[in-house]
Amino acid sequence: MTTPPLEREAYDPHTVQDRWLPVWDRLDLYRAGRAAGAEKKYVLDMFPYPSGDLHMGHAEAWAIADVVARYWMRRGFDVLHPPGWDSFGLPAENAAIKRGEHPATWTYANIEVQAESFRRYAIAFDWSKRLHTSDPEYYRWTQWLFTRFLERGLAYRKSSAVNWCPQDQTVLANEQVVQGACERCGAVVTKRELTQRFFKVTDYADRLLDDMEQLKGSWPDRVLLMQKNWIGRSVGAHVDFVVGSETVTVFTTRPDTLYGATFFVVAADAPLALSLCAPDRLAALEAYREQVAAATDIERQATDRPKTGVDLGARALNPVTGEQVPVYAADYVLADYGTGAIMAVPAHDQRDLDFARAFDLPVRVVVDTGAEDPAVTGVATAGDGVLVNSGPYDGLRKDEAIERIVADLEARGAGTGAVNYRLRDWLLSRQRFWGTPIPVVHCDGCGLVPVPDDQLPVVLPDLRGDALRPAGTSPLAGATEWVNTTCPTCGGAATRDTDTMDTFVDSAWYFLRFCNPDYLDGPFDPEAVRQWMPVDQYVGGVEHAILHLLYARFFTKALHDMGLLDVTEPFSALMNQGQVILNGSAMSKTTGNLVNLGDELSRFGVDAVRLTMVFAGPPEDDIDWADVSPSGAVKYLARVARLGEDVGSLPLSDVRDVAVDKVVAKTVDEVTRLVEVHRLNVAVARFMELTSALRKAHDAGAVGVASLRDGVEALAVMLGCFAPYTAEEVWSRLGHDVDGGDSVHASTWPSADPLLLVEETVTCVVQVAGKVRDRLEVAPDIGEDELRALALASDGVVKALDGRAVKVAIVRAPKLVNVVPA
RNA sequence: GGGGCCGUAGCCCAACUGGCUGAGGCACACGGUUUAGGUCCGUGACAGUGCGAGUUCGAAUCUCGUCGGCCCCA
């Protein structure tokens, strides 16, 4: 191919993009399996939601992951890097209502726009692995998996007080309620008593917690910490209190404080409060319950909130002391945590103490921590200590006491050691349209009947526009023809379940489907999954630290237990890239604080935007677009292109220049290490230094042409992972027949000749009292004594000592000697 | 209230297990190139590492305190 000469004056990135993109498409460079037989690597970004075109955040995340993917390709690994879309969800539905369309119209149009942007952005995707979760070919298998969970009792229905978003008109999982508000729309979440479907995540609480051990070091610590806190395992005991004719079990982490339990509290909104209440207190309780219903969970749990409650006129029998203590209903105890009831130990729990002081209840110290009496100070003592006022347990240390008391409770059948979790089961049903239909049929005769596998998928009916308006029940209920069906078991009249699944169900297993998205005989191809799983590098925002990552881990473990998967953890390594912000705050359409990715790409070109993204700082740091300089990246890339042109046009020769070879080897060595540990910004800095060094060598007279060519070639290969277009341009300038298949993106990562990395002399710094006074060129393997003698005799040292005696000379051969004067 | 992270030039950020008063980029200044204050090439200036103390032969790096910012849990 004859390439038009590159204009000196203007390096136009768009020309270069237009030149290479079609060539790459034809060469099909990134297909998984190209390096069949080589060790595999699976690189994955958290797949995007198709809301409009790609934005700056996408550009950062994919730029980072693409460097990793391309690096591994250059290193000879067989790399899977697939594109896909998390394409069910509310924004499509809301858009469809507004436009009077089907949600698919908006969704698939956006997917096409994003796909084209990814292509132009030069992400090294294997497009043959593309998937969309809203395709019937995909959600068929989401339904199939749901049925498996159902069969194993891992999916179930129950009635409970659930989170309800009044804006989106649907229930939400606990994980989707952030600070009391809907994670998606921000509306304040309320509670509703509804029958909903759940996944039994709590069955896996221990393993989700314990298996994090194997993720340590390759997942960010803070993500592991957040998951740990979310699961919230606490060890303690269940203790049975008898209230009237009922036995009420409480969970406590402090069974050692049973002697200090001076009252008993049930959650005001729990049904238990009503059943324990004395008849003459019912009116007061009802009034209080109304008040409580109006408060949000955040308000209820605020520590500085005045404690309120109602005396239920009942007594609870403490199984250890035989004491009868008063029973209150209060809102600081939550109905859905533990058993919804607690034994209150005001001396050693701050909230109990606050309540005791408000209601003038006794405070009895049973663990002597050495601190002052909580009844006096108002500060509960939660620390370690020795038991007092505790009958036979007096004098025991806290941990001994816990052990003994639990044993005694168990012996008497009044309690048992227990573990409690903060984690709740995952509420998966939604009252919205654009999601995976729950494949269950309601039959009067047979009850709830799962749709048989051979009748999947249960395809969404064609609803559009106003038919999708949320009304508190799923829009699917309005599709009469769709709802009315026959029972797969008895053949009689039956109705379909009208709820859809949380879109987090779709994304809890997509990484498995990616291994072979065309597989027809199951949700994923066991052979392909065995080959590619687990994901070697997962890249995504920290906002999924709990939600998606917890669900994906749960699915992986559950599928493992079903014998469908070998692995127990889906993602071996996780990287959280930062956000792209502007002028110190998040980009937002509503405030106009926004940079449009398409505009930036038009102004600076793809490579400059990609390079700016990775050069701005460590991948996990936020990038303030106002602080960085895409035009600087443009200039740098133009410099590289010119270097490629100049060096490429030198007459071929075998002459080498060891100095150049050394600089190149050193850069290759360093960049390799930097990319391995994802210090991509530093790697770019090294590229810039190498570029300057090669430029200088070239301008100095171009001896050692072979070294120069090899240097530019190595630069092109490495830079190709970051700035694929410019690198290809340079590669082609060096004489490679890209059109014929010799693309820089099919080349091999350079290796640094170890011999070139060895320095034959090292500069030894000679300090006197910590200040540099001389430098010596010494052999790298110089002996300590020899170096000490050399240093002491050096001019700088003699001068600095000025006749003073030497107390000691610290020698760190071969790099440093520090002479300490007496 | 508890726990964690961070603080390097005007700005963004490097610096392996403490060891050469510290990389790269942006912005800036000067010189050359130029019709051009643009591009390019070159040169240069700018930091003693938030502040205070300690440990050490030696501290950006370790310890303590303090100020400031961020995150998680409660």
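Just so you know, these numbers come straight off a predicted model, no measurement behind them. Proteins come first, then strands; the chains are lettered A, B, ... in the order of their sequence lines, and each starts at number 1.
- Taking for each of D621(A) and V820(A) the nucleotide of RNA chain B with the nearest heavy atom, the 5'-most of the two is the partner of D621(A).
- Checked by atom type, the side-chain pair E600(A)/W625(A) shows a donor-acceptor distance below 3.5 Å.
- Between R422(A) and the phosphate of rC73(B), there is no side-chain N or O to OP1/OP2 separation shorter than 4.0 Å.
- If you check rA14(B), rC57(B), rC12(B) against the side chain of P618(A), the one that comes closest is rA14(B).
- At the heavy-atom level, R673(A) lies nowhere under 4.0 Å from the strands shown.
- Two residues, R812(A) and V808(A), neighbour RNA chain B, and the one matched to the more 5' nucleotide by heavy-atom proximity is R812(A).
- Taking the side chain of V682(A) as heavy atoms from C-beta on, and the options rC20(B), rA14(B), rC12(B), the nearest nucleotide is rA14(B).
- Nearest heavy atom pair, residue M587(A) against residue I581(A), reads CE-O, 3.8 Å.
- Between the side chains of Y636(A) and T691(A), at least one donor-acceptor pair of N or O atoms lies under 3.5 Å.
- On the C1' atoms, rA60(B) is 32 Å away from rG42(B), given to the nearest whole Å.
- When distances are taken from the side chain of R775(A) to each of rC11(B), rC57(B), rC20(B), the shortest belongs to rC20(B).
- Looking at the side chain of N818(A), the nearest of the listed nucleotides rC73(B), rC41(B), rC57(B) is rC57(B).
- Checked against rC40(B), rC57(B), rG24(B), the side chain of M688(A) finds its nearest nucleotide in rG24(B).
- The E689(A) side chain lies nearest to rG24(B) when the options are rG42(B), rG24(B), rC26(B).
- With rC12(B), rA14(B), rC41(B) as the candidates, the nucleotide lying closest to the side chain of R686(A) is rA14(B).
- For R222(A) against rC72(B), no side-chain N or O and base N or O form a donor-acceptor pair under 3.5 Å.
- V333(A) pairs with exactly one of V266(A), I342(A), V250(A), T339(A) by the side chain to side chain contact (heavy atoms under 4.5 Å, CB included) rule, that one being I342(A).
- Atom name C1', nucleotides rG65(B) and rG58(B): the rounded distance is 23 Å, in whole Å.
- Distances shorter than 4.0 Å separate some side-chain N or O of N681(A) from OP1 or OP2 on rA14(B).
- The two residues V668(A) and A714(A) make their nearest non-hydrogen contact at CG2-CB, 4.3 Å.
- Close to rA14(B), at under 4.0 Å from its OP1 or OP2, lies a side-chain N or O of R679(A).
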